[in-house]
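Okay, structure first, notes after.
Just the heavy atoms: all of them, side chains too, but no hydrogens, waters or symmetry mates, feed the values below. Below, chain A is the first sequence line, B the second, and so on; all start at residue 1.
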Amino acid sequence: MSALTVTNARIVDPASGFDGVGSLRVEDGKIAAIAPGLPAAGTSGEVVDAKGLVLAPGLIDMRVFTGEPGREYRETLQSAGEAAAAGGVTSFVAMPDTQPVIDDGALVDYLLRRASATCKVNVLPAAAITKGLNGEEITEFGLLKEFGAVCFSDGRRSIQSSALLRAAFSYAANFDMPIMHHVADYGLIGDGVVNEGLFATVLGLKGIPAEAETIPLARDLQLAALTGVRYHAAQISTGLAVAIMANEKQQSKNVTCGVSINNLSLNENDVGSYRTFFKLSPPLRSEDDRRAIVEGLKSGVIDVIHSDHDPQDTEVKRQPFAEASDGAIGLETLLAAALRLVHSRDVDLMTVLRAMTQRPAEILGLPSGRLAVGAPADFILVDLDYPWQVKEGELHSRSHNTSFEAARLAGKVMATYVGGRKVHEFEGARA
Amino acid sequence: MAQSVRPAGTGSDNGQPVRRPPFPHRNLLGISQLDQHDIADLLLRAEAMIPISRQPRKVLPTLTGKTQINLFFEPSTRTQASFEIAGKRLGALVVNMSVKTSSVTKGETLIDTAATLNAMQPDVIIVRHPASGAVELLSQKVGCSVINAGDGAHEHPTQALLDALTIRQHKGRLAGLTVAICGDIANSRVARSNLLLLGAMQVRTRVIAPRTLLPKGIENLATEVFTDMEEGLKGADVVMMLRLQHERANGRMIPSVREYYRFYGLDAEKLALANPDAIVMHPGPMNRGVEIDPAIADGNRSVITDQVEMGVAVRMAVLDALLAEPSQVKS
């Protein structure tokens, strides 16, 4: 039996609501005991003195793109795992937008085998809703579930046909599997590349109106009600969408939504002078929208914060703004960027952590995301105030398209444990 | 028309050489980077350039030994010719490059071409590109001056400068005038640069367009917004028409050319609502019968060919301001 005891930690567990000094005991990769106060005498195995660091469940990131298989030069499961471990993410949902697309049971199996051989953290495959992400024919939901898919998503793509969505929702409900859908109306987006408004007008860039998100969101919520599917709007970005979700949540327990850390902590002005690392989908919105998103997180309307980690190489990013690819990496900066809201006293620590631990676990039906006896020993030790500056060259991801380059952040993951095994330790921590 | 017959910085009335302070920018990427003094300085320099092009020997060799590359990713006749003539009259070696862009290789071509051209040690690259911000991106990749000859729907600074020069030549001033800009505001870099420049020079501006061709937030840009052209033209000193890309707009942004012409085309009846001495401008190329009545375009209120002439003067002034070394400017 392998055993580990972490003592003298500030244990913060959103699922139980516990926030206090205590110790945590791990046996055989699972949490064996959680004790407030000092540890009982006679603990066997390794003992780690946390010296007052926060001990929280490992983060579950619900939206991560890698380049494996097909675009390994952007990111492999291994390099994504390094970035995740350094950022305190112990499980991530791998989006199906790879080459080939994860739309077949054998590919889910392949992904899980590659992950267990090369990746430090848990990889949770999201399988495609439609074959090849073509938006036309649904995949084999039942078989994909048997092979280990945790949810269905068309990744960056948004399905435009209401009839197809109805069929997909209905069939997913049949297998009690959640659908995670990116809401975007391509007709309204048109050639748009940034938030519609004065800022876009001044830069001479085509704008994307809020309605390009709220119209498909409203449609999806009605179809979710019609079919009874567990529906998760992958990411919303506007105040109007928060209001629509708030209203729907009064009627239904089956609908949830997420927000990207980018939309939570940045706004359209960060695009500045055509900086393509801030070209994202959905686009960065106005500061009013961002404030509404923060309020939505506080009130519980927004369930999940994710990184929307999307590695892109310089070839597709060093382009004129309208021609550059969307996306930014974020696994490693997710927690520290989210802690900005805690340090600014906008949101309390428990709420921020809940959106990255307990809620994703509940939506995906995972045993992790909480510090409970019997749960997997996936946890992190965090110094909430440790100051650091983001330097793209020091991040573990294979791509460097961070939207937090040079940002000064407070909060660093000092150690990350997956299944009771330490997979990351911050090198500066011993100094 | 011209007030001055003296090339930039070549002397004063009492015969003593005067030297303008050096122009404080390496590039001209947009009007947004200029303040009122920069703009006034460039207009003065341009006024001094006008006579050069009217004399028999059209040459002021301040840029001898300099290399100018015209890099056009979008077809253009007049702007490219204007920059070429401006450079040649100043004695620069001018190379024209027109780059055909396919949707797949656009940006790749931009960055790669920038690096390649930079290695040839040019002194200035003049760039037109269909994507907003592309010229600024290119300027970060080269070690020489860069002039924006139009980037997407963002800016076209030399057009705004030549428009201002034309207005000043005809009206004797800028401050206090009312300029109405009519047409496809949403997709126009000319409109954006003009709004910035005219605003900086205390000119009252109006934009006139159907709602489908007005970009969101335009009302916050210190301009008056009109959807009724007749209302918008009342009391205007200058009517600035824009080209409608009707092939692209037809059926989406406007229902038809004839409907557009009925409500937003400039004809004698609508022009009669502007001030009696109002002038008519157009950046070209014109769609006669789409946005403007041929009789107006070619009539006595039109200053459209003057704009073309001022274009050469403005581009000479900009090139001179960015590139001429003080030691080369002698009386």
Side-chain angles (χ1 to χ4, degrees), chain A residues 185-214 238 240 267-279 283-289 312-327 401 405, chain B residues 29-33 73-74 101-112 114-115 127 129-141 148 150-156 185-193 195-196 199 207 214-223 225 248 252-253:
Chain A
D185 181 313
Y186 292 143
L188 280 173
I189 290 174
D191 296 327
V193 291
V194 289
N195 185 41
E196 185 173 273
L198 179 61
F199 184 75
T201 294
V202 168
L203 287 186
L205 295 172
K206 290 265 200 304
I208 301 174
E211 288 72 15
E213 157 176 301
T214 54
T238 62
L240 200 49
N267 69 31
E268 59 185 342
N269 296 306
D270 288 297
V271 170
S273 187
Y274 304 100
R275 296 196 290 169
T276 59
F277 285 11
F278 297 85
K279 182 165 187 259
L284 295 175
R285 297 289 187 179
S286 70
E287 177 61 10
D288 285 347
D289 285 314
Q312 301 284 343
D313 55 285
T314 50
E315 189 79 356
V316 296
K317 272 294 186 186
R318 290 297 291 169
Q319 300 266 15
F321 195 87
E323 294 162 14
S325 295
D326 295 332
N401 54 313
E405 173 62 13
Chain B
L29 300 177
I31 298 297
S32 65
Q33 78 183 75
F73 292 89
E74 235 179 29
T101 63
S102 76
S103 60
V104 183
T105 57
K106 253 182 228 168
E108 198 177 56
T109 308
L110 176 70
I111 296 285
D112 293 351
V127 189
H129 196 281
S132 299
V135 180
E136 183 175 333
L137 176 63
L138 183 138
S139 75
Q140 295 160 6
K141 294 279 164 186
N148 183 357
D151 65 323
H154 179 221
E155 281 234 43
H156 191 353
I185 308 294
N187 295 298
S188 177
R189 54 196 174 214
V190 175
R192 281 173 181 72
S193 286
L195 288 173
L196 289 168
V207 294
L214 284 171
K216 211 164 176 191
I218 186 80
E219 65 281 359
N220 297 323
L221 279 182
T223 188
V225 180
R248 207 173 53 192
R252 297 176 63 216
M253 297 298 157

Name all residues meeting the salt bridge (Lys or Arg N to Asp or Glu O under 4.0 Å) criterion together with B:Arg189; count only those two or more places apart in sequence or in a different chain, and write none if there are none. B:Glu74

In residues 201-213 of chain A, what donor-acceptor pairs under 3.5 Å come from side-chain atoms, sequence neighbours left out?
| residue | atom | partner | partner atom | Å |
| --- | --- | --- | --- | --- |
| A:Thr201 | OG1 | A:Gly197 | O | 3.2 |
| A:Thr201 | OG1 | B:Lys216 | O | 2.5 |
| A:Lys206 | NZ | B:Asn187 | OD1 | 2.8 |
| A:Glu213 | OE1 | A:Ser237 | N | 3.1 |
| A:Glu213 | OE1 | A:Ser237 | OG | 2.7 |
| A:Glu213 | OE2 | A:Ser237 | N | 2.8 |
| A:Glu213 | OE2 | A:Ser237 | OG | 3.4 |
| A:Glu213 | OE2 | A:Thr238 | N | 3.0 |
| A:Glu213 | OE2 | A:Thr238 | OG1 | 2.9 |

Turns out that what part of B:Gln140 lies under 4.5 Å from chain A's heavy atoms comes down to side chain

Turns out that what part of A:Ser273 lies under 4.5 Å from chain B's heavy atoms comes down to both

Answer key: most heavy-atom pairs under 4.5 Å with chain A among B:Ser132, B:Gly217, B:Gly152 is B:Ser132

List the atom of A:Pro320, the atom of B:Leu137, and the distance in Å for their closest heavy-atom pair. N-CD2, 3.4 Å

